[in-house]
Amino acid sequence: MAPSKPRVIYWLRTDLRLHDSPALKAALDLKPDCLYPVWCWDPHYVYRARVGPNRWQYLLDCQSDFSASITKLNPKSKLFVIREAPQTLLTKLFKAWKITHLVFEKDTDAYARERDENVMRQAKEAGVEVIVKMGRTLYDPDELVKANGGKPTMSITQVQKAAEKLGVVAKPIPTPESLPNPGDTALDFDHTQPSPNPDFNDIQRDSKDKSYTNLSGPGGDFAVPTMSELGLKRATTQHRGGETLALKALDDIISNTKYTATFSKPETAPTAFSPQSTTLLSPHHHFGSLSVRLFYWSVMDVLKAYKSNQSTIPTNLIGQLLFRDMYFAAQAPLGYPFAQTVGNSHCRFIPWHLPSKVDPCNGLITGEHHVDTPEAETWFQRWKWGKTGFPWIDALMRQLRQEGWIHHLGRHAVACFLTRGGCYIDWERGAEVFEEWLIDHEVACNTGNWQWLSCTAFYSQFYRCYSPIAFPKKTDAKGEFVRHFCPELKDYPDKFIYEPWKAPIADQKKAGCLIKGDGDETEGEGGVKFYPKPMFDFNVRRTICIDAIKNAYHVNLYGDDAKVKDGTWRDLFSDNAEGLTEGKSAKDAMNRNNKVKSGEEASGDTGVDQDEGEAAEVGEETKGEDRQGKSPGKRKRGKGQGTLDGHFGGRRLRDKH
DNA sequence: CCGGAAGTTGCTCTA
DNA sequence: ATAGAGCAACTTCCG
């Protein structure tokens with residue numbers, strides 16, 4: 001057969017840019033007869049991932065800007081957004097458009113791997129050649145893992161050592177100056193409609209979702225969707241996406257050589273908001289509208305030239321990129337379980353309140369959780385909606401909801417507060433809220449950072465606990481950040497801005513805001529404002545949490561332990577320990593229960609679903625007198641839980657977007 | 001295998 | 001104001 005001229009689909013997912021795109025270069029190197037830049041509007045993200053209006057808007061910004069840039073290079077071309085799942089759509093396009101090559105950027109997220117393997121199998125059957133290039137991280141996560149002895153990277157030292165074996169980071173590739181025409185775009189096939197059930201994004205819409213009405217969009221022209229086509233509520237953030245803005249932002253940062261060369265994360269102020277103290281490049285990296293390698297080499301050039309007072313790895317900007325790579329290479333070999341405790345060989349098991357429900361068929365969390373105590377659920381809701389009564393925490397959570405971005409150390413503060421330093425609530429609850437609201441949500445980085453902050457992986461100094469009062473005072477003694485995001489407190493004296501409940505009633509009245517209730521009522525007679533009372537005594541909770549974590553560390557279970565799955569972990573905790581323990585008595589109750597349901601298999605859950613009504617007593621300080629083994633010693637690993645390449649049915653909750 | 005130092009990012013008190 | 005010690009105590013890294 002004579003070699004035909006290449007007809008190429010360039011499939012976009014994590015790489016909405018023209019600059020430094022190894023995959024796009026590979027596509028152009030084929031010297032194609034025609035090139036179709038295609039985005040498959042994937043129902044997985046529309047219905048199964050949690051995505052609020054701010055991140056949707058950001059994606060549309062990136063797509064629109066990218067499409068316009070393509071059209072500038074070739075007026076006949078654009079980004080072709082096609083409303084169907086890639087798993088069903090692409091194989092039909094191969095045939096309809098006589099495609100010879102499929103090219104895309106490698107994506108090592110769990111869902112993405114499964115999706116891409118599926119598509120590659122279909123391409124092979126259709127005789128379509130597939131080209132995959134890495135371009136999303138500094139190093140290919142799989143290569144980094146290999147260089148780390150096949151293990152997930154769990155510290156920055158490991159990353160640095162593994163990276164050394166791989167050599168220097170690849171240099172950026174120039175932006176193409178022209179693009180081939182697309183071919184004929186007739187869609188001469190049936191439209192496979194997705195099932196919207198379950199639809200986790202229903203709460204993000206105020207009108208009907210019309211994503212899948214027409215394959216090529218409402219105008220039949222493959223246009224980037226609009227918020228109204230998607231039925232989404234309006235975005236509230238001022239942060240906007242797109243390669244043009246990304247390159248401008250990078251340029252601004254790099255041209256400030258002092259800022260770039262002396263940047264040291266721990267010294268940046270989490271209370272700075274206009275402007276913020278960090279780069280805000282993370283959402284651009286997430287959507288691929290800014291290449292991490294371009295950022296890396298731009299920073300390296302500055303560091304080469306700027307001699308005095310340079311910051312170093314891990315606190316400098318290069319270090320920040322290495323942490324990103326660390327999380328990708330920690331996730332890569334673990335797959336879906338990386339984003340949860342159960343089944344995760346590298347995540348400590350701690351009996352948090354509000355644990356996830358787990359699907360016994362595939363061992364994956366379902367997106368719902370157990371309410372072990374109503375009090376914990378109340379705390380969780382007050383945390384999510386910025387009504388804890390701790391102004392620093394509430395201001396951060398309101399900024400997150402409104403703007404989709406908060407400073408890295410602000411994320412530390414609210415994450416520590418929700419988990420090991422306050423509420424003792426499962427980090428998976430917090431990760432889900434971040435997944436919904438962050439414009440830069442990246443599944444590997446988000447879940448990795450939640451594990452870090454909850455001291456379940458990557459980090460273990462749980463006695464270092466963020467105070468919602470002392471911590472923000474260091475960089476914002478006057479409380480300007482709080483006054484902006486919790487405006488009802490704007491006239492409080494500096495002295496009480498982080499602990500308004502300590503203000504005398506006379507001061508509260510003078511400031512026009514009473515400390516009262518749980519946040520449900522925000523205003524009283526005569527226009528007086530209400531700000532909630534603190535939902536607990538922080539110092540008391542900190543002590544309880546630290547003791548409880550210490551105890552859980554001594555018990556020393558990891559997510560892949562059989563005891564975690566079958567509920568027998570309870571044997572190892574005292575009856576009155578903090579968190580979802582309920583000790584041996586609950587275990588006995590579970591056994592009785594199981595006998596009644598004779599013949600039924602263990603639920604495959606954490607063994608807690610039968611006793612939601614039997615709330616443990618909470619709030620008592622306990623010392624865990626019956627802890628198992630005073631010294632944790634070396635962890636004995638179960639054998640080879642390394643890769644998870646099995647077949648999973650059921651729904652997937654966690655992924656990028 | 002041991003021991004000491006280090007680990008992106010704590011807080012409080014004292015000098 | 002700011003630097004350093006002490007607090008309580010985890011894992012990992014390195015010689």
Side-chain angles (χ1 to χ4, degrees), chain A residues 148-149 151-162 164 262-272 276-279 282 299 310-327 330 346-348 350 392-393 396 406-417 419-422 445 448-477 498-499 538-558 623-624 627 629-637:
Chain A
N148 191 45
K151 296 194 178 94
T153 49
M154 301 306 288
S155 76
I156 209 68
T157 314
Q158 289 173 12
V159 172
Q160 282 178 284
K161 283 186 175 168
E164 217 165 286
T262 63
F263 181 99
S264 181
K265 179 65 79 58
E267 276 125 61
T268 59
T271 47
Q276 77 290 339
S277 60
T278 50
T279 66
S282 50
V299 172
Q310 269 192 22
S311 55
T312 52
I313 295 169
T315 58
N316 68 2
L317 287 170
I318 299 298
Q320 306 312 299
L321 286 171
L322 289 177
F323 276 107
R324 185 171 176 274
D325 267 47
M326 176 183 80
Y327 288 128
H346 285 69
C347 180
R348 285 180 180 278
I350 289 173
W392 166 237
I393 301 298
L396 284 164
I406 52 178
H407 187 280
H408 186 73
L409 296 179
R411 302 181 197 200
H412 278 216
V414 298
C416 181
F417 184 90
T419 59
R420 67 179 166 87
C445 299
N449 273 314
W450 274 94
Q451 288 167 40
W452 183 299
L453 263 300
S454 59
C455 286
T456 51
F458 302 103
Y459 187 77
S460 52
Q461 292 170 245
F462 54 75
Y463 46 91
R464 292 191 177 173
C465 181
Y466 289 91
S467 151
I469 293 123
F471 186 64
K473 266 187 193 166
K474 285 190 295 189
T475 52
D476 188 8
Y498 294 115
E499 11 184 21
F538 175 75
N539 289 324
V540 168
R541 287 300 308 173
R542 175 174 56 193
T543 308
I544 290 170
C545 286
I546 289 177
D547 279 347
I549 301 275
K550 201 195 297 181
N551 183 43
Y553 262 61
H554 283 291
V555 170
N556 199 32
L557 291 176
Y558 281 71
K623 281 286 183 186
R627 76 170 58 129
K630 291 274 178 198
S631 79
K634 290 270 183 292
R635 185 198 174 211
K636 275 187 279 166
R637 298 263 157 179

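Quick caveat: nothing in here was measured; it's all calculated off a predicted structure. In what follows, chains carry the letters A, B, and so on, assigned in the order in which the sequence lines appear, proteins first and then strands, with residues in each chain numbered from 1.
- Nucleic acid contact class of A/Ile156 (heavy atoms, under 4.0 Å, all strands): sugar-phosphate only.
- Between A/Gln461 and the phosphate of C/dA8, there is no side-chain N or O to OP1/OP2 separation shorter than 4.0 Å.
- In this entry the distance linking CG of A/Asn551 with P of C/dC10 reads 12 Å, nearest Å.
- Here the straight-line distance linking atom SG of A/Cys445 with atom CZ of A/Phe323 works out to 11.5 Å at 0.5 Å rounding.
- Spacing of C1' atoms, C/dC13 relative to B/dC1, comes out at 14 Å, to the nearest Å.
- The gap from the P atom of C/dA1 to that of B/dG10 amounts to 23 Å, rounded to the nearest Å.
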Check: Going 5' to 3' along nucleotides 10-15 of chain B, which nucleotides have protein heavy atoms under 4.0 Å from the base (write B), which only from the sugar-phosphate (write S), and which from neither (write -)?
Finding: BSS---

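- For the residue pair A/Thr268/A/His407, the side-chain donor-acceptor check at 3.5 Å is satisfied.
- Summarising the geometry, the separation between NZ on A/Lys151 and P on C/dT11 is reported as 18 Å, rounded to the nearest angstrom.
- One can place CG of A/Leu453 at 11 Å from P of B/dT9, the figure rounded to the nearest angstrom.
- Using a 4.0 Å heavy-atom distance criterion, A/Gln158 is classed as a sugar-phosphate-only contact.
- One finds the NZ atom of A/Lys265 at 4.5 Å from the NE2 atom of A/His408 (value rounded to the nearest 0.5 Å).
- Rounded to a whole Å, the NZ atom of A/Lys161 is 13 Å from the P atom of C/dT12.
- Base pairing annotation: C/dA8 forms no Watson-Crick or G-U wobble pair, as no partner gives both donor-acceptor distances under 3.5 Å.
- For A/His412, the listed nucleotide lying nearest its side chain is B/dT9; candidates were C/dC13, B/dT9, B/dG7.
- The shortest distance between the side-chain N/O atoms of A/Ser264 and the OP1/OP2 oxygens of B/dT9 is not below 4.0 Å.
- Protein atom CD of A/Gln160 is 17 Å distant from nucleotide atom P of C/dT12, rounded to whole Å.
- If you take CD1 of A/Ile350 and P of C/dC10, they are 13 Å apart, rounded to a whole angstrom.
- Per the stacking criterion (ring centres < 5.5 Å, plane angle < 30°), A/Tyr553 does not stack onto the base of C/dC10.
- Here the separation of C/dA5 from B/dA5, taken at their P atoms, is 14 Å to the nearest Å.
- Between the CE atom of A/Met154 and the P atom of C/dT11 there is a distance of 13 Å, given to the nearest Å.
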